[in-house]
Structures are given as structure tokens and as C-alpha cells.
Amino acid sequence: MHARTGMELNVLMVARVNMLNMTNAGIIGTLYDFPFSSLHFLDYLDLSMNQLSGTIPPEIGKLTNLFNLDLSFNQISGTIPPQIGSLTKLESLHIFHSQLNGSIREEIGHLRSLTELVLNSNFLSGSIPASLGNLNNLSYLHLFENHLSGSIPAEIGKLVNLVELLLDSNNLTGHIPPEIGELVNLDRVYLDSNQLTGHIPAEIGKMKSLEELSINTNNFSGPIPKTIGELTELQLLYLHTNQLSGPIPSELGNMKKLNNLQLSTNQLSGPIPYSFGNLRNLKILFLCDNKLSGSIPKELAYLDNLVVMEMDENQFSGHLPEHLCQGGKLVNFTVNSNKLTGPIPRSLSNCSSFKRVRFDNNSFTGNLSEAFGIYPELQFINLSENDFHGELSSNWGKCKNLTDLRIARNRIGGSIPPEIGNLKGLLGLDLSANHLVGKIPREFGKLTSLVNLFLQNNQISGNIPIELGSLTKLNYLDLSNNRLNGLDLSHNLLVGDIPPQLTNLKVLESLNLSHNSLSGHIPEEFESLTEGNKGLCGNVTGFQPCERPASMVKKHSMAKGHKLILITVLPILGALVLLCSFTATEEFNATFCIGKGGFGSVYKVNLPSLGNVAVKRLHSSFEIKHRKSFMNEVRALTGIKHRNIVRLYGFCSNAQHSFLVYEYVERGSLSSILSNEVESKKLDWLTRVNIIKGVAYALSYMHHDCSPPIVHRDISSSNVLLDSEFEARVSDFGIAKILKPDSSNCTALAGTYGYVALELAYTLKVTEMCDVYSFGVLALELSDLLDERLPHPEDEVKEFLVFIVKLAISCLLEIQNQGQQCTSSLICYQWIHPIIRFHVSEIPRDVRCPCMEKIMLGTKWL
């Protein structure tokens, strides 16, 4: 059915229409165009998943024969009219995922035939009316994701037919009324993500039919009631992120159907009950961030369905028991930050299901080469800060999926096995503070994905292999406090001044910087190492004297410690830019131009050493404010490296020319693709999901992994580039803001019209929320469910898109009220794929955030 500019339904009406189902029919308009007066016999009305806006008119009260009303997934705003109370035959009232505000009307309590009241995911405020206690036929009460406040009314205990009670993600306060225990037919109770306080009432144990209980992320205190153990049908129990104290009741071992138990982030103490060995269906066990103590009971080995077991940040002691992985399903196992001792059980060396392992910050002992095996699925392992000895095994090189290997601060000796160079996807390697000897393997040059490499505080000797220059994604390299004796950087394209930090590398016996394009003053320490650099000057034979005294030469800031930051690609500036400017582009012939903007033009250039690059040539007459934009971009991009942020290879600025040299991103901007009828069809729904995910990765990195944080301030489809595989790259940091902790961070309004948060217009204060708002606009633009150029999404893809739309809308809420929640949502979004395809257990714990619990519940958001 084609979209309608109004309801335009009168022509369809006949005298006795009793059912009208126009879900997902592309209807545009308001409900004021609806012919309420002509439909006296209508008993079923479904207008969900359209583009209806405006408010619900009071004329809705004329449809007195309705038993079903569904207005969900529209943009309906305003309050619920009191006339809704006239629909006394109504059995199902669904108005969720809209923009309703105001309070829940007391008049809804008149709808005594109601079995389903679903008003979730709106902006409803005020308290839950006590009149809802009159709805004694109600089976489903969904009020989650609103702004409801006040306490849970005791009258809710009268809803004896209730099957689902979902009140989570509101601002509810007070305690859980003990009357809730009267709801003996309940299957699911979700009260999480509120501000509830007090003790968990023992009456909860009376709800014998309960299968899912989620009351996490509140302020509950006191002990876990033993009566919870009487809920023998329970499959999911979330009590985490509260202030619960005391021991874990042994009675929890009676819940033999339990498959997901999360007690993390409380103040629980004492041991893990032996009765946990009875939970044979358990797949997820979170006990981390408590004050639990004692040994880890051997009975946990009976849990052969376990996929996740996280018990880090407690006070556990003793040895790890054998056979914890005997089911062969354990994927995540973390016991870091405890007081565990002894060797690693041999049975764990055969746990081929491992993906994420953390044993760091304990007192484990034993020979490391014998304790661990080959793990084909392993992605992350941290064994740092223990007392392991022995040598590094070559088996680490056979863990083909490994992205992060950390074995720092142990007593590991021997040489570094060259087989580690086979780990093509390795992002981080930390072997620091051990007793390693020998040379850095040349095979490390094959670790082309490596971002962090820490080898400091060992006894490594020999030359620093020139192959490390191939690690073009390297962000941090620390080789300090070793016995290295040579570094050969000759015959490269290094430009700029010689960094004075290099004079601090006292351990180097040789350093060769010859045959580059270095310029500036020659320090005394480098007089014999710099031939073949025509731009250098000084009182050295073969070089011109400097025009200014050496004391006037601009100094680089000193790095902390004696760290060698080896970046041989980033400074390819002067010579490379000159080469790009005239040889490769034929003096900037328009043929090579691939884009133009307000500050300059972008050219595609092919270089033998780097392949295709993009050179932005700024207008020769650009003003001071443009020069500030140029330096903004340089400051932002030289400090960050991320696969979803365009890479800056170099820059050059002088009186004649100003250039920025970037990686070449093949498909150009997202906006140009979306506006092209042919190209846009290549962006199928899953590709669009992946693009949004990439932008979320980039913003999460900028906001949370950069110190100080970087705010882009101009996130838009024009500033998102796509490579040949449709992977997103955030670009154009000309107005980016580096947040200063001791500053107001106020600035002039800037950004792309339509993507700028309204609050910024009157506060002029830059925060990460500015990017979050723009991200929401971008996500809605890219996930437009009415894009008729694509086929209708399949059910599985539709679930992704519903989540993204919900996430995008949350990012567009007022910054002051929803800022923190939006940021959390943004961090969480980058993990949406592993969550949906497997489980939240695959998410590293240090990136979890408040909204993660929503995603774990899944059924409500997806």
C-alpha cells in the first residue's frame, strides 16, 4: 500500500466495518484525520508501524466497541486523553515505541476487561496509578523505558492474573511492596535500572511460577533472601549492581533450572556455596566485583554446560580446582584480581573452547610453557602480575584468533618465540617486566595489525629490527630498560626535526638516521649519523650553518620515561607531499581531484611506498580560522589510531602550501552513496548495520580511550567514508575539540545543520554528548525503514534495525537529562553483534555499561 499524505480512509469505509488492520502501511498524517464518528462498530484497530504524528484526539473515546487498539511504532506525542477510559470493552491497549508524555491516566483503571497494557518506550512520567490495581484480568503490564517516578503501588498485588511485570528503566524509588508475592502466576519480573531501595522482600519466594527475575542496577541492600531458593522454575536471576551484603544463600542451589545467574557488583562476602554444583543447567555465572572469599569449590566442575564463569575482583584464595572445563563449552573464564595461588590445572590446557581468559593479578606459579595449550578460538588472555616462570611457548603462535596477549610482570625467561609473528590479527602484546633475553624477532614485522607493543624492563639485546617499521598501525611501543644496542632508520622518508627524545636512549650503541629528509638543527650527539639529509643544518662539515641559534630551535615535548615511539610512517611529510603535489598530480590537475570542500580540494595520489593516498590541499588564501582548522585536524589525528578513523600519514604547512596526507578510502563519503540511486542499493541492511557499528566504535574510542577525550563535533554522513569493504572511517576533524579537564570547553556553535544537538545552540558547551546526538541522527538517516530502494528486511535483520532505531532515538533525547544514558548506549552498541549471535558473556568486562543489561534481556529491545 502506498504512503498516504493523510489518513484518507473515508473512501474505504462502509457502514459496518468492525476490523481495520493497517500496520506498516506507510501512512503519514495525524489521528485527527481519522473518521472516528463513522466507525461505531469498529472493534479492532491496528495502525502500528506507520508515520503517524501529533496527539491522540479525545474522539478516540467514541470507539466504544474496541477490544484491540494498537498505535505502536509511530511518532505520536502528547498525553493519553482521559477519554481512553470510555473504551470499557478494550482487552489489548498497545502504544509502545512512540513519544507519549505526561502521566498514565487514572482512567485506564476503568478498563476492567484489559488483559494487555503495553506503554513501554515512551516519555511517560509521574507515578504508576493505584487504579491499575482494578485491572484484575490483566496478564501483561509493560511500562519499561519511560520516566516514571514514585513507588511501586501496593495495589499491584491485586493483579493475580499477571504473567509479565516489566517496570524497568524508569526512575522508580522506594521498596518492592511485599504484596508482590501474591502474584503467583508471574513468569517474568523486570524491575531493574531504577532507584529502588530497601531489602528484597522474602515474599518473592511465593511466586512459584517465576522463570525470570531481574532486579539489578538499583540500590537494594541487605542479604539475598533464602526464599529465592524456592523459585524452582527460575531460569534467569539478575541481582547484580546493587549493595547486597552477607553470604550467598546455599538455597540458591535448589534452582536446578537456572541457566543465568548474575550477582556481580555487590558487597557479598563468604564462600561460594557447595550447592552450586547442583546447577547443572547453568550457562552464565557472574560473581565478580564482590568481597567473596575462600577457595573456589571443586563442585563447580559439575557444571558442564558453563559458557561463562567470571569471578574476578574478589578475595578468593587457594588453588583452582581441576576439570572446570570438562563440559568443553567454557568460553569466558576470569578470576583476575584475587589471591589465588598454585599452578594452573592441567585440564585447562585442553579447554579448546576458550575465547577470553583473565588470570592476572594473582599469585599463580608454575612453568608457563607447560600450563597452557593451543586454543584455536582464543581472542584475549591476560596472565600478567603472577609468579609464572619458564619460557614462552611457540604454541602461542598457533592461537590464530588471538588479538591480545598479556604476560607482563612475571619471571618468564628465554627468548621470544618468532612464531608469535604468525598472529596476523594481534592488536596488543605485553611481555614487559620479565627476564626475556635474545633479540626482538624480525618476524614481528608481520604483525601488521599491532597497535600496542610493550617489551620494556627485560634483558633483550641486539639491534631493533628495521622490520618494526612495517607496523604502520602501531600506537604505543615501549622498549625501554633493555640491552638494545642499535637502531637503523636509514634510507627512509623521515622528515622534520630530529626528536631530542632519541638523545635519551643511552643504551643504544648505534643509531643510523642517514639518507632521509630530516631538517633543522643537528644535535651534537647525531653529527656522524645524519649524512644524506639535505635539510639539516649546523656547525658540521658538509652542512650549512643554521640561520638561528640552536637554542632557538623549537623543542619537542619530552615523553615520560625513556620510551622509543617508533613511527616511521606518520612523519612522511615534506618530501612525500612535494612528490604528491607535482609529480603525481601533474601540478594538481583537476583530473586527479576527487572532492572539494570549504577549506580545499582532495586529490587521489599513487605512491610506490604507500599505494593510493588522499591529499587535501588547502586553499592558498585560507584565513586564520582555516589555519586553526588545519592544526585542529593535525592535533586530533596524530594522537589517535583506530580502524574506523581515517589515518593521517603526514602534513606540511608553509607560506606556499598546506597539505594533509590521508589514507585513501575507496568508496568516498556515505552521503554521496546514499544520494546515488545505483550505489545506495549496494548498502544492504546488514551493511548499514555494520557502518553504524563502525561509527560507534570510533566515537567510543575517541570519548573513552583517548586522554583527554576528543569530540568530533561534526558527525554526519558527509564525514563518514567507506572503504572497498564498506567499512566506515570517520573523517574531517577540522572542528574537533580536545576536552580539557580544567576548562569550561565552551566554543562557538559549529557542525552540520540537522546533526547538531539543540542544547549546544544555547549552552555552547562541548561534551561527548554532541557526538552522541549526531550519531543518533546519522543512525536514523542510514536505517531509514522506508527506503524503498532496498527489499523489505528479513526478520533477523529487522531485529537489528529495531534496536538501532531505539538506540538512535535515545541519543536524540535532551543532553542534560539523557546524556549519560546515551553515552552508555553508544559504548554498548559496538558489541551488538557478539551479543546477538552468542551472548553477553563474550563482552570484555571492562567495556560493559549500564545499558548492557537491556541488551542481555534481548526480547524487549530486539
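The structure displayed is predicted, hence computed values, not measured ones. Scope of the values below: all heavy atoms of this structure, side chains included, with no hydrogens, waters or symmetry mates.
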Identify all side-chain donor-acceptor contacts of residues 416-425 below 3.5 Å with residues at least two apart in sequence or on another chain.
unit_1, atom_1, unit_2, atom_2, d
Asn422, OD1, Lys446, NZ, 3.3
Asn422, ND2, Glu419, O, 3.3

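A donor-acceptor distance shorter than 3.5 angstrom exists from the side chain of Asn410 to the backbone of Ala408, with no hydrogens or angles considered. Checking side-chain atoms of Asp404 against main-chain N and O of Phe380 turns up no donor-acceptor pair under 3.5 Å. Under a 3.5 Å cut-off, the side chain of Ser264 and the backbone N or O of Cys288 do form a donor-acceptor pair. Remark: side-chain polar atoms of Asn362 are paired, donor with acceptor, to backbone N or O of Val335 under 3.5 angstrom. Thr403 contributes a side-chain N or O that, together with a main-chain N or O of Gln379, makes up a donor-acceptor pair within less than 3.5 Å. A donor-acceptor pair under 3.5 Å is absent between the side-chain atoms of Asn401 and the main chain of Leu378, judged by distance alone. A donor-acceptor pair under 3.5 Å links the side-chain atoms of Ser349 to the main chain of Arg346, judged by distance alone.
Screening Ile381, Asp430, Asn382 for a side chain to side chain contact (heavy atoms under 4.5 Å, CB included) involving Leu405 leaves a single residue, Ile381. Remark: of the listed residues Val357, Leu330, Val331, Leu330 is the sole one forming a side chain to side chain contact (heavy atoms under 4.5 Å, CB included) with Cys351. Between Val646 and the choices Val665, Val730, Asp723, the side chain to side chain contact (heavy atoms under 4.5 Å, CB included) rule is met once, by Val665.
The ring pair (Phe, Tyr, Trp, His ring centres under 6.0 Å) test applied to Phe359 returns Phe333, Phe364, not counting sequence neighbours. For Glu443, the salt bridge (Lys or Arg N to Asp or Glu O under 4.0 Å) criterion is met by no residue, not counting sequence neighbours. Checked against salt bridge (Lys or Arg N to Asp or Glu O under 4.0 Å), Glu467 has the following partners two or more places apart in sequence or in another chain: Arg442. Residues passing the side-chain contact (heavy atoms from CB on, under 4.5 Å) test with Ser363, sequence neighbours excluded: Thr341.
Contact check for Ile440 versus Leu479: side-chain heavy atoms found under the 4.5 Å cut-off. Looking only at side-chain heavy atoms (C-beta outward), Ile412 and His389 stay at 4.5 Å or farther from each other. Between Phe316 and Met311, some side-chain heavy-atom pair lies under the 4.5 Å cut-off.
A side-chain N or O of Asn457 and one of Asn481 form a donor-acceptor pair less than 3.5 Å apart. Between the side chains of Asn644 and Glu727, at least one donor-acceptor pair of N or O atoms lies under 3.5 Å.
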### Task
Report the C-alpha separation of Asn361 and Ser337 in whole Å, then their side-chain angles, then the decisive distance to 0.1 Å, and conclude whether the side chain to side chain donor-acceptor pair (under 3.5 Å) test is met.
CA-CA 5 Å; Asn361 195 18; Ser337 302; 3.3 Å; yes
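Residue pairs meeting the salt bridge (charged side-chain N to carboxylate O under 4.0 Å, His left out) criterion with at least one member in residues 361-388, sequence neighbours excluded, are Glu385-Arg409, Asp387-Arg411.
Here Arg406 contributes atom CZ and Ser432 contributes atom OG; the two are 10.5 Å apart, rounded to the nearest 0.5 Å.
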